[in-house]
Structure formats: C-alpha cells, structure tokens
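See below for the structure under consideration.
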Amino acid sequence: MIELRDVHKSFGPKQVLRGVDLTIGRGKSMVIIGGSGTGKSVALKCILGLIPPDKGLITVDGDDVTRLRQGSAERDEFLARFGMLFQGGALFDSLTVWQNVAFRLLRGSLKKSKDEAREIAIEKLRRVGLTPDVAELFPAELSGGMQKRVGLARAIAAEPEIIFFDEPTTGLDPIMAGVINELIREIVVEMGATAMTITHDMTSVRAIADDVAMLHGGKIRWTGPVAEMDASGDPYVTQFISGSPEGPIETVR
Amino acid sequence: MSFLAAIGRIVLGVLAAIGQATLFALDTVSHLVRPPFYPRELASAVMQIGYFSLPVVGLTTIFTGGALALQIYAGGARFSAEAVVPQIVAIGMVRELGPVLVGLMIAARVTSSIAAEIATMKVTEQIDALVTLSTNPMKYLTLPRVLAATLVMPILVAVGNVIGIMGGYLVGVNRLGFNAGTYIRNTIDFLEPSDIATSLAKGAVFGFLAALMGCYYGMQSGRGAQGVGRATKSAVVAASVLILAANFILTELFFAA
C-alpha cells in the first residue's frame with residue numbers, strides 16, 4: 001500500500017504540490033488524471049525519491065520512504081521493488097535493446113549470468129509483443145511505439161511489486177495506444193502488481209484504472225472507483241472527462 | 001544601488017557554483033572506495049578518452065613543436081643563440097606546451113562529448129531511469145569518466161611531448177641544418193627527470209578537471225536542446241579556464257625557487 005499525506009513541493013516560488021493526500025491499495029491500479037503542469041509527474045517522482053518533498057509523509061507498506069538515504073542499501077532494496085515506464089521511454093542509447101531490458105539483471109543485487117539475463121529479456125520482449133530479432137538493435141533504431149514497449153519490458157523485467165507508468169500512451173497513434181493500454185492491464189493483473197499511472201488520455205483511464213484520482217491546483221480534487229467517475233458530481237472532474245473548455249478549470253495557464 | 005546589487009549577485013553566484021562543483025568533486029572521489037564498481041564502463045571510458053584522442057594529440061603537438069623550433073631559431077638569432085633550439089623545444093614542450101595543449105584538446109574533444117551525453121541523458125530522463133534501476137549515476141557515469149581521464153591523460157601528455165619534440169627535430173634537422181645526432185643528444189641531456197614527472201602530474205590534474213567539468217555541467221543541465229547546448233558550452237569554457245589556471249598554480253608550485 002502506498003500512502004501520501006499532506007505532501008508539499010515547490011520549485012522556487014512555484015508551488016506544485018500543496019498538500020496531496022492519496023492512498024493506493026495493494027494490487028490496485030490507480031490512475032492519476034489532471035491537466036499538463038499540475039504536478040502529476042512530480043508526485044510520482046516524490047514517491048520514488050527522485051525529488052525530495054518539502055513537507056509531508058510518503059509511506060510504502062508503512063515504511064517512510066522520504067528517510068531513505070540516496071545510495072543506501074535500504075534504498076536500493078526499496079527501488080528493487082519498483083518498475084517504472086518513463087514518458088519518453090528513457091532507454092539507454094548506448095546499450096542494445098536486450099541490455100536495456102535486462103539492465104537490472106546484469107548488475108547489482110539481482111545480478112544473473114549474462115545468458116540467463118538475455119533469456120529473460122527476450123521472454124519479456126515477447127510478452128510485450130516484440131520479436132527476438134529486436135533484441136540486438138539499439139533504441140535509436142526503433143519507432144516510438146516500439147520504444148514504449150521496450151520501456152515496458154524493462155519496467156517488468158525484474159518482476160516488481162509496484163509499477164509506475166508515466167503517460168504511457170502519449171505520442172502514440174490510437175491503435176498503438178490501445179495495444180499499450182491492454183498490455184498494461186494484462187500485465188498488472190497477471191503479476192498482481194500495484195500500479196500507478198499518470199495520464200490525461202481518458203481512453204487509457206477507462207482501460208487501465210481500478211481507481212481514479214484527479215490532481216488539480218496541487219491537491220487531490222476527487223478520488224474514487226473508475227465506475228463512479230462519470231457520476232462524480234465534481235465539476236472539475238466532469239469538465240476534464242468531457243474535455244470542455246467551459247467550466248471551473250482555467251484554460252489560460 | 002542596483003548596480004552594487006548586480007555585482008553582489010554575480011559574486012554570490014560564482015561562489016555558489018565553486019562550492020557546488022567542489023562538493024561534486026568530493027562526492028565523485030568518495031565513490032572510488034565505495035562499491036559497486038563498473039569496470040566495463042571504466043574500460044569503455046579509457047578507450048573513448050585515451051585511445052581515440054591519440055590522433056588529435058599527435059596533430060596538435062607535432063605542428064606546435066615545429067613552429068616552436070622555427071620561432072626559437074629566429075628569436076635566438078638576434079643574440080647569436082641559434083644553437084639552443086633543441087633544449088628550448090624540449091623544455092617548452094615538456095614543461096608547458098605538452099600538458100596545456102593536450103589538456104585543452106581534451107577539453108574540446110572529451111569534456112564537450114561527456115557534457116552533451118550526460119545532459120541528453122538527463123533531459124530524456126535516462127538519469128532518473130538509472131536511479132529507479134538501483135544504479136547510482138555518480139558511480140555508473142561520473143566516476144568511470146573522471147577516473148579514466150585522470151589515468152590516461154599522463155599517457156596522452158607523454159605521447160604529446162614525444163611527438164612535439166619530434167616536430168621540433170624534423171624542422172631543426174631538415175630546415176635549420178641541425179645535425180640529427182646532436183639534436184637528440186642535446187634534448188636528452190638537457191631534460192631532467194623532474195621535468196617529465198611534473199609534466200605527467202599536470203596531465204593527471206588536467207584530465208581530472210576536464211572530465212569532472214563535463215560530468216558536472218551535464219548533470220546540472222536545464223531542459224531541452226537549449227539546456228544541452230548551454231551545459232556543453234559551460235563545461236568546455238569551465239574546463240579550459242580551470243586547466244589554464246591550474247597550470248599556472250602548478251607551475252608556481254613546481255618550478256618557483
């Protein structure tokens with residue numbers, strides 16, 4: 001279970017998070033929606049410890065994660081439970097596709113033999129619908145959709161308990177977006193992992209989410225099961241779902 | 001008042017930058033004794049920084065050695081001291097020009113590429129990805145590059161010194177009419193072991209600074225293509241200035257009576 005209590009974060013004079021409270025149940029798929037620049041990515045990076053929050057408490061299974069020191073063994077152990085799919089894929093361009101997927105298996109506490117790591121990488125590539133001949137290519141030789149899939153394969157390579165997806169469908173055509181949504185759903189269900197996805201793609205929300213939370217103005221505006229989203233009664237959520245320019249959300253930002 | 005405030009801001013900014021860079025340097029060095037280590041990354045950095053820099057080092061120093069011989073001959077002729085060409089070329093190359101020129105070429109070739117690579121990794125979230133994959137970017141990216149540059153620069157400087165002296169020799173023997181045997185004899189007799197030791201020591205310091213600045217500005221990079229461009233430019237400028245400043249300080253330390 002992941003819990004955020006009263007999390008604040010500012011960059012200079014700009015207050016991005018102003019007291020975020022959020023609970024993500026074990027094995028649940030939580031999707032956070034909200035406009036661009038509302039701090040969705042910041043919230044996610046706070047949980048991973050990539051950005052230290054100014055104030056507030058973040059716990060994973062009851063352990064305070066903000067206290068883990070950079071580079072400490074506890075923090076490595078904590079991160080080993082996570083997988084993350086970055087918005088642009090964030091594949092390492094100096095490594096081949098299979099070395100990217102098996103990155104965690106080639107070094108550190110989860111180190112395996114090279115052959116074994118390669119085998120797992122190819123199996124994970126197959127899981128996301130890529131053929132083994134992609135394994136020896138470099139990320140720059142792949143299309144955007146393929147890079148996303150490789151990123152997904154890397155995120156699940158070490159069988160994480162918790163997976164984060166940062167805008168998994170941004171920049172993809174509708175069909176590829178559908179494929180990725182379906183993959184995410186399948187993988188989360190079959191691995192029994194806790195998932196947290198950031199997106200502003202409503203199709204994605206309906207495909208992936210158990211629960212939905214809307215971030216607006218640095219706070220969680222509404223949260224509830226995806227089935228109740230359409231009848232939330234919250235004008236902000238209603239406006240966001242319908243994509244209407246009329247409503248309480250300012251369109252000039 | 002606003003004029004004074006502007007000066008104050010600049011001074012504070014410079015001091016903060018020096019402090020940050022120093023902390024970054026100490027952090028880098030501290031990883032030398034803290035596992036895990038990435039020998040494969042170190043080996044690849046040694047190839048990139050050392051081996052592939054050899055052509056540029058050779059070209060730079062051979063022309064400089066040749067030009068130096070011509071200048072000393074012409075200058076020496078004014079007080080009938082043409083014969084000192086081999087000695088002055090040797091001491092000029094080994095003590096000063098070898099380390100400084102190789103250092104500046106490494107700043108141009110290596111610092112820029114390190115800064116651009118790391119800055120691009122930062123901008124495309126690859127650094128964040130490294131962290132989430134339980135890999136410390138300081139250990140995986142910074143330390144191998146800084147260590148490799150510190151280790152290979154003395155070798156590059158040694159190669160540069162030899163090729164520079166050879167440039168002087170070629171000009172001296174073919175253009176200025178020196179006897180080949182005498183030229184080499186004079187060069188070898190004149191150089192002291194301490195000249196060579198200090199030359200290589202300078203090389204190590206310059207290599208450390210060049211790679212460190214590339215990593216530091218790369219990691220500090222702002223967003224987008226502009227951020228990468230700015231990081232690269234700042235890294236090369238900082239590395240060049242620091243190399244020249246360090247050269248002065250080291251020369252003062254080593255050679256002042």
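Reminder, nothing fancy here: chain letters follow the sequence lines and each chain counts from 1. The figures here come from the full heavy-atom set of this structure, side chains too, leaving out hydrogens, waters and symmetry mates.
Counting non-hydrogen atoms of neighbouring residues, nucleotides and ligands closer than 6.0 angstrom, the CD atom of A:Glu141 exceeds 12 such neighbours. Atom CZ of B:Phe52 has more than 12 heavy atoms from other residues, nucleotides or ligands within 6.0 Å. No more than 12 heavy-atom neighbours from other residues, nucleotides or ligands sit within 6.0 angstrom of CZ on A:Arg67. Taking a 6.0 Å sphere around CZ of B:Arg34, one finds it holds more than 12 heavy atoms contributed by other residues, nucleotides or ligands. By the neighbour-count criterion of 12 heavy atoms within 6.0 Å, atom OH of B:Tyr51 is sparsely surrounded, having that number or fewer from other residues, nucleotides or ligands. The environment of CD in B:Gln20 is crowded: more than 12 heavy-atom neighbours from other residues, nucleotides or ligands sit within 6.0 Å. Residue A:Glu161 places its CD atom among more than 12 non-hydrogen atoms of other residues, nucleotides or ligands, all under 6.0 Å distant.
Taking each heavy atom of A:Asp166 and B:Glu125 in turn, the nearest pair found is OD2-OE2, 4.2 Å. Contact between A:Leu79 and B:Ser134 at its shortest, heavy atoms only, is CB-OG, 3.6 Å.
In this structure, chain A has no heavy atom under 4.5 Å from any part of B:Ile127. Residue contact with chain B, scored on non-hydrogen atoms closer than 4.5 Å, involves the backbone and the side chain of A:Gln87 alike.
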Practice problem: Take B:Gln126 and A:Asp93 through the test side chain to side chain contact (heavy atoms under 4.5 Å, CB included) and record every step on the way to the result. | Solution: CA-CA 9 Å; B:Gln126 290 179 51; A:Asp93 357 70; 3.4 Å; yes

Self-check item: Worked verdict on A:Phe164 versus B:Thr132 for side chain to side chain contact (heavy atoms under 4.5 Å, CB included)
Solution: CA-CA 11 Å; A:Phe164 287 174; B:Thr132 63; over 6 Å; no

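A tilted orientation is assigned to the rings of B:Tyr140 and A:Phe92, their planes being inclined by 30° to 60°.
Screening A:Met84, A:Lys45, A:Arg75 for a side chain to side chain contact (heavy atoms under 4.5 Å, CB included) with B:Val131, the sole residue that qualifies is A:Arg75.
Of the residues considered (B:Asp128, B:Thr135, B:Asn136), B:Asp128 shows the highest number of contacts with chain A, using heavy-atom pairs under 4.5 Å.
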